[in-house]
Amino acid sequence: MISFDKLWETMEKKGLSTYYLREKAGIDNKTVRRLKANANMETKTLGKLCAVLDCRLEDIAEYIPD
C-alpha cells in the first residue's frame with residue numbers, strides 16, 4: 001500500500017493547509033479526500049504536489065508492504 005501520511009507531516013512542517021494545495025497545485029476536494037484515504041493517485045498529481053511543496057516524492061509518500 002502507498003501511504004500519504006508523510007504528505008501531511010511535510011505540510012505541517014511547512015505550515016501549509018489543504019487550501020494551499022487546492023489553490024497552488026490545482027487539485028480539488030475529491031483528490032484531497034483520496035489522499036487522506038491513501039487511495040490510488042495519478043503520478044501527474046504527485047508531481048504537482050512535489051512541485052508546489054518543493055519536495056521529493058519520498059517526502060509525501062511511502063510504500064508500506066501488506
Test item: [X] and [Y] side chains (from C-beta on) under 4.5 Å apart, heavy atoms:
X   : Y   : result
K14 : M11 : no
L53 : L21 : yes
L35 : M41 : yes

* To do: Establish, for the pair K36 and W8, whether the NZ or CZ atom is under 6.0 angstrom from the six-membered ring centre and no further than 45 degrees off its axis.
  => yes

Taking atom [atom1] of [X] and atom [atom2] of [Y], what is their separation to the nearest 0.5 Å?
X   : Y   : atom1 : atom2 : answer
T18 : I27 : OG1   : CD1   : 8.5 Å
D28 : T45 : CG    : OG1   : 9.0 Å
C50 : I60 : SG    : CD1   : 3.5 Å
L7  : L46 : CG    : CG    : 9.0 Å
L49 : K24 : CG    : NZ    : 14.5 Å
S17 : E12 : OG    : CD    : 12.5 Å

* Is Y19 atom OH crowded by more than 12 heavy atoms from other residues, nucleotides or ligands, each under 6.0 Å away? -> no

* Report, as yes or no, whether the 6.0 Å neighbourhood of atom CG on D54 holds more than 12 heavy atoms from other residues, nucleotides or ligands. => no

Between [X] and [Y], is there a donor-acceptor pair closer than 3.5 Å when you use the side chain of the first and the backbone of the second?
X   : Y   : result
T10 : D59 : yes
K6  : E62 : no
R34 : N40 : yes

* Asked: What are the two closest heavy atoms between N38 and F4, and how far apart are they?
  -> OD1-N, 2.7 Å

* Structure fact -> Smallest heavy-atom separation, S3 atom then I64 atom, equals CB-CD1, 3.5 Å

* Are the charged groups of K44 and E42 less than 4.0 angstrom apart, N to O? ->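 No salt bridge links K44 with E42.
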
